[in-house]
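I have placed the structure first, in the form of structure tokens, so that the comments after it can refer back to it.
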There are 2 protein chains.
Amino acid sequence: MAINRKMEFAADEIALADLAKAISHPARIAILKILARQKSCICGEIVEGLPLAQATVSQHLKELKSIGLIKGTIEGKTSCYCIDWDVFNQFISHFGVFAELAQNASVQSQSCC
Amino acid sequence: MAINRKMEFAADEIALADLAKAISHPARIAILKILARQKSCICGEIVEGLPLAQATVSQHLKELKSIGLIKGTIEGKTSCYCIDWDVFNQFISHFGVFAELAQNASVQSQSCC
DNA sequence: TATATTCATCGTATATTTGCGATATAAAAT
DNA sequence: ATTTTATATCGCAAATATACGATGAATATA
């Protein structure tokens, strides 16, 4: 973009947008699904479950980790990832904001367009 | 990207990622908040509420409309937008998938990393 | 110790997104 | 009929995101 106007928005809007961006790629959705399914934290198995090169998967994992949606620790030769449910559930609950705003205005039921 | 591997993912993962992408920008979050607050559908007021040029806002509105999160109709000289709550609420409910997967594996409580 | 395995990071190519001025379109006002 | 107003679209420039091969670092194995 010509100018980055991101900082001119409210902090909570930026935060929600950043979290949404973190899951705005099918590979990262797929990674989260794999992690949600696994009882034990997996690592390179994620690569096998995706149609992407190892380097690319590692990059997606890094993105999810940097936003906090997943945690990762190195266990010997392998890396172990899992969902940080605190962050994840809090993220989901943020969407309630829209319903609250609508409820205050009692708008949701009436479709005007 | 060198190669577009998007189509090699599951359709529902692509759909969820696309919806997440639609709200992955603070301007689009802000637009949805404005629309949720308003009893009547607004139009150019959105432009005034954002730190962006009219052309840019129009582009964001187009994105939200094309994914279906908002509806828009032309009313005389102005355009009227509002949230499509059916689509929006269904989108939010899709996030339940992760919790379900985790519950089946009874993983959510135990943090392994 | 040498080698293999696992994963992260670097560098790079390409694709997509973002932003805006300029312009088009269409209704309303003069 | 002309001008103003509201909005969409086009075309471009700059920023980001995506993908991967090559390489590095660290551990495990022969």
Side-chain angles (χ1 to χ4, degrees), chain A residues 1-9 13-14 17-31 34-35 40-67 70-82 113, chain B residues 1-9 13-14 17-31 34-35 40-67 70-82 113:
Chain A
M1 59 207 101
I3 306 163
N4 190 343
R5 299 220 174 275
K6 189 175 177 183
M7 301 315 287
E8 301 180 34
F9 290 92
E13 290 169 354
I14 295 171
D18 283 345
L19 279 163
K21 182 175 304 196
I23 61 164
S24 72
H25 191 288
R28 295 195 289 273
I29 296 280
I31 288 171
I34 291 172
L35 291 178
S40 64
C41 291
I42 44 166
C43 40
E45 295 169 278
I46 297 171
V47 175
E48 287 179 47
L50 298 182
L52 296 171
Q54 177 265 322
T56 308
V57 173
S58 195
Q59 209 167 302
H60 284 303
L61 286 166
K62 188 183 177 184
E63 267 185 89
L64 287 170
K65 193 177 176 185
S66 78
I67 199 86
I70 68 175
K71 293 179 283 187
T73 52
I74 298 173
E75 290 194 348
K77 196 163 55 175
T78 68
S79 277
C80 167
Y81 288 100
C82 63
C113 305
Chain B
M1 63 208 102
I3 306 161
N4 191 342
R5 297 219 176 277
K6 189 174 177 182
M7 301 315 287
E8 300 179 33
F9 290 92
E13 291 169 352
I14 295 171
D18 283 345
L19 279 163
K21 184 175 302 198
I23 60 163
S24 73
H25 191 288
R28 295 194 289 275
I29 295 280
I31 288 172
I34 291 171
L35 291 179
S40 65
C41 291
I42 44 166
C43 40
E45 295 169 279
I46 297 170
V47 174
E48 288 179 46
L50 299 182
L52 296 171
Q54 177 266 322
T56 308
V57 173
S58 195
Q59 207 167 304
H60 284 302
L61 285 166
K62 188 182 179 186
E63 267 185 89
L64 287 170
K65 192 177 177 185
S66 78
I67 199 86
I70 68 175
K71 293 180 282 188
T73 53
I74 298 173
E75 289 194 351
K77 194 164 53 173
T78 68
S79 276
C80 166
Y81 288 100
C82 64
C113 305

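Below, each value reflects all heavy atoms present in this structure, side chains not excepted, and no hydrogens, waters or symmetry copies. Chain naming here is simple, since letters A, B, ... match the order of the sequence lines and numbering starts at 1 in each.
- Legend: residues meeting side chain to side chain contact (heavy atoms under 4.5 Å, CB included) with B:S58, ordered by chain and number and at least two apart, are B:Q54.
- Straight-line distance from the NE2 atom of A:H60 to the P atom of D:dT18: 6 Å, rounded to whole Å.
- At a threshold of 4.0 angstrom between heavy atoms, the contacts of A:S58 include nucleobase atoms, whether or not backbone atoms are also involved.
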Margin query: Can you build the contact string for nucleotides 22-30 of chain C? Use B for base contact, S for sugar-phosphate-only contact, and - for no protein heavy atom under 4.0 Å.
Written below: B----BS--

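- Judged by distance alone with a 3.5 Å cut-off, no donor-acceptor contact links the side chain of B:Q59 to the base of D:dC10.
- Rounded to an integer number of Å, the gap from NZ of A:K21 to P of D:dA15 is 15 Å.
- What separates CG of A:L61 from P of D:dC20 is a distance of 14 Å, to the nearest Å.
- Along DNA chain D, the nucleotide closest to B:K62 and the one closest to A:E63 are compared, and the more 5′ of them pairs with B:K62.
- One interatomic measurement links the two molecules: OH of B:Y81 to P of D:dA6, which rounds to 15 Å at whole-angstrom precision.
- Rounded to an integer number of Å, the gap from CG of A:L64 to C1' of C:dA8 is 15 Å.
- Distance CD (A:E48) to C1' (C:dC7): 14 Å, rounded to an integer number of Å.
- Scanning for side chain to side chain contact (heavy atoms under 4.5 Å, CB included) contacts around B:Q59 gives an empty result, with sequence neighbours left out.
- If you check C:dT16, D:dC20, C:dT18 against the side chain of B:N4, the one that comes closest is C:dT16.
- The side chain of A:R28 has D:dT18 as its nearest neighbour among C:dA8, C:dC20, D:dT18.
- Pairing each heavy atom of B:Y81 with each of B:G72, the nearest pair is CD2-CA, 3.7 Å.
- Taking atom CG on B:L50 and atom C1' on C:dG19, their separation rounds to 13 Å, with Å as the unit.
- Nucleic acid contact for A:S79: sugar-phosphate only, since backbone atoms but no base atoms lie under 4.0 Å from a heavy atom of the residue.
- Taking atom NZ on A:K6 and atom P on D:dT16, their separation rounds to 9 Å, with Å as the unit.
- Between A:H60 and A:H25, the ring planes are tilted. Angles from 30° to 60° get that label.
- Residues B:I42 and A:T56 both approach DNA chain D. Their nearest nucleotides, taken by heavy-atom distance, put B:I42 toward the 5′ side.
- Listed by chain and number, the residues in a side chain to side chain contact (heavy atoms under 4.5 Å, CB included) with B:I46 are B:I31, B:I34, B:L35, B:I42, B:L50, B:V57, B:L61 (sequence neighbours excluded).
- Legend: residues meeting side chain to side chain contact (heavy atoms under 4.5 Å, CB included) with A:S66, ordered by chain and number and at least two apart, are absent.
- Under the salt bridge (charged side-chain N to carboxylate O under 4.0 Å, His left out) criterion, A:E45 pairs with no residue at all, not counting sequence neighbours.
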